[in-house]
Amino acid sequence: MGVAICDHMGEAIFTMGLSTTLFVMALLLSGAASMKSQAYFNKTGDLPCYFTNPQNISLDELVVFWQDQDKLVLYELLKGKENPQSVDANYKDRTSLDQDNWTLRLHNIQIKDKGLYQCFIYHRKSLHGMIIHQNDIDLSVLANFSQPEIMLISNRTENSFINVTCSSVQGYPKPTKMNFLLKTMNSTSEYDAVMKIIQDNITGLYNVSISSSLPVFPETNVSIFCVLQPEPTQTKLFSQPYNIDAKPPQPPLPVPDNVLLTALPVLLFGVSAMVVFFITLKKRKKKPGPAHECEVIRVEREESEQAKERVENRVPERSNEAQCIVNISKTDSVMEETNVPRLRLQFKKLCIKYRRTSASRIATLYAEARNLLSAAEA
């Protein structure tokens, strides 16, 4: 029993017996380990076949094709020419062959293109039409996330917290981590958050975002960064810093005009009352009693040059202070003997009445004093 393999023109290429068929199947199942290849979204990916052609076989004698993991043909080279009739519609006009290194290039890579691919090379002229080369390629697809962007949700709260969100879009595969960094002059703090991940149903790309409430302090300058780790093998992505400057000291609030107009009369009244109080208190302290009148006269007379003048009209050469003291003493002694307190009080009033008179008036004071004495004797 044999299996016939024909080209697309209906021409038989070779016929394999049962033993040969089993050999080919074993060869396909035990192919070499798959090679890794990586491509970026919307770019071109390479699917190398790594065929060295050590026997320098002519292309006319070879059949070369690539197929995906669903056995759909990407490209076929038959008798040295491309055979588009075998290519699946998903790969039409998306491939090109570099015959120098036997590499198929797949253009406009999409997320759905990731997976396992196989390259087969048949030698048409060999005995029983053998597969002389087979290669597996594991294609992975990447899409670079956009630079993370921080957006403010709300300003500082009463507890000195700020609500922010960070987002990055159009990436693949899923990122492993996304977090905030809060930097001050003296420290750096990391704040993790739960990622919100949304996949586009058409492109298969991911959009990710996080939100958090971060502590900030009015007296400190703060820089907030958002960090995205796409894959352990990829470089971290950092956002532009979101800077928060320290608040300047708040000036005192101006007093409204209506408050000033209301407070000014009250203030003036209070000041006036205090002034009156202190003036009254001062006058009370300065007001002399009868017992101090002579002391006041003595002080004033010592400062006056008139103390050096002689008393006219044969008045003894005494100062007003001395005269007042003598008269009061005499009057006191007489009044004490005659027990006339009323006259004694009148004499003291006379002395106080004339305490600021000149020396020429002392005689009058003396005369009145003698009259009082006479009245007392009578």
Task: Same cluster (ILVMFWY, side-chain, under 4.5 Å), Met195 and Leu205 - done: yes
Task: Asp100: partners by side-chain hydrogen bond (donor to acceptor under 3.5 Å, both in side chains), with sequence neighbours left out - done: none
Open item on the list: Just to verify, what does Phe51 make a ring-ring contact (aromatic ring centres under 6.0 Å, His included) with, not counting sequence neighbours?
Closed with: Trp102, His133
Task: Side-chain heavy atoms of Val222 within contact of Leu182, under 4.5 Å - done: yes
- [ ] Following the transitive rule for hydrophobic clusters with a side-chain heavy-atom cut-off under 4.5 Å over Ile, Leu, Val, Met, Phe, Trp and Tyr, establish whether Ile111 and Ile109 coincide in one cluster.
- [x] yes
Only pairs under 3.5 Å count here: list side-chain donor-acceptor contacts from residues 39-49, not counting sequence neighbours, and write none if there are none.
| from | atom 1 | to | atom 2 | distance (Å) |
| --- | --- | --- | --- | --- |
| Asn42 | OD1 | Gln110 | NE2 | 3.0 |
| Thr44 | OG1 | His107 | ND1 | 3.1 |
| Asp46 | OD1 | Arg105 | NE | 3.3 |

Pairs of donor and acceptor atoms involving the side chains of residues 234-244, under 3.5 Å and at least two apart or interchain, shall be tabulated with distances.
| from | atom 1 | to | atom 2 | distance (Å) |
| --- | --- | --- | --- | --- |
| Ser239 | OG | Cys226 | N | 2.8 |
| Asn243 | OD1 | Ser223 | OG | 2.7 |

Task: ILVMFWY network linking Ile131 to Leu78, side-chain heavy atoms under 4.5 angstrom - done: yes
Contacts under 3.5 angstrom, residues 170-180 side chains, donor-acceptor by atom type, not counting sequence neighbours:
| from | atom 1 | to | atom 2 | distance (Å) |
| --- | --- | --- | --- | --- |
| Thr176 | OG1 | Gln229 | O | 3.0 |
| Lys177 | NZ | Glu190 | OE2 | 2.9 |

Open item on the list: How about NZ on Lys112, more than 12 heavy atoms from neighbouring residues, nucleotides or ligands closer than 6.0 Å, or not?
Closed with: no
Task: Ion pair Asp113/Arg94, N-O distance below 4.0 Å - done: yes
TODO: Say whether Leu106 and Val64 are linked into one hydrophobic cluster, either directly or through other cluster members, by side-chain heavy-atom distances under 4.5 angstrom.
DONE: yes
Open item on the list: Could you work out, with side-chain hydrogen bond (donor to acceptor under 3.5 Å, both in side chains) as the rule, every residue matching Thr103, not counting sequence neighbours?
Closed with: Asn101
- [ ] Indicate, with yes or no, if Ile137 and Ile132 share a hydrophobic cluster defined by side-chain heavy-atom contacts under 4.5 Å among Ile, Leu, Val, Met, Phe, Trp and Tyr.
- [x] yes
Task: Residue pair Thr165 / Ser211, side-chain donor-acceptor N/O under 3.5 Å - done: yes
Open item on the list: Assess whether a salt bridge exists between Asp60 and Lys79, defined as any Lys/Arg side-chain N lying under 4.0 Å from an Asp/Glu carboxylate O.
Closed with: no
Open item on the list: Is there a side-chain contact between Phe217 and Thr184 in this structure, where contact means two heavy atoms from C-beta onward sitting under 4.5 Å apart?
Closed with: no
- [ ] Please check if any side-chain donor atom of Asp138 sits under 3.5 Å from a side-chain acceptor atom of Tyr117, or the reverse.
- [x] no
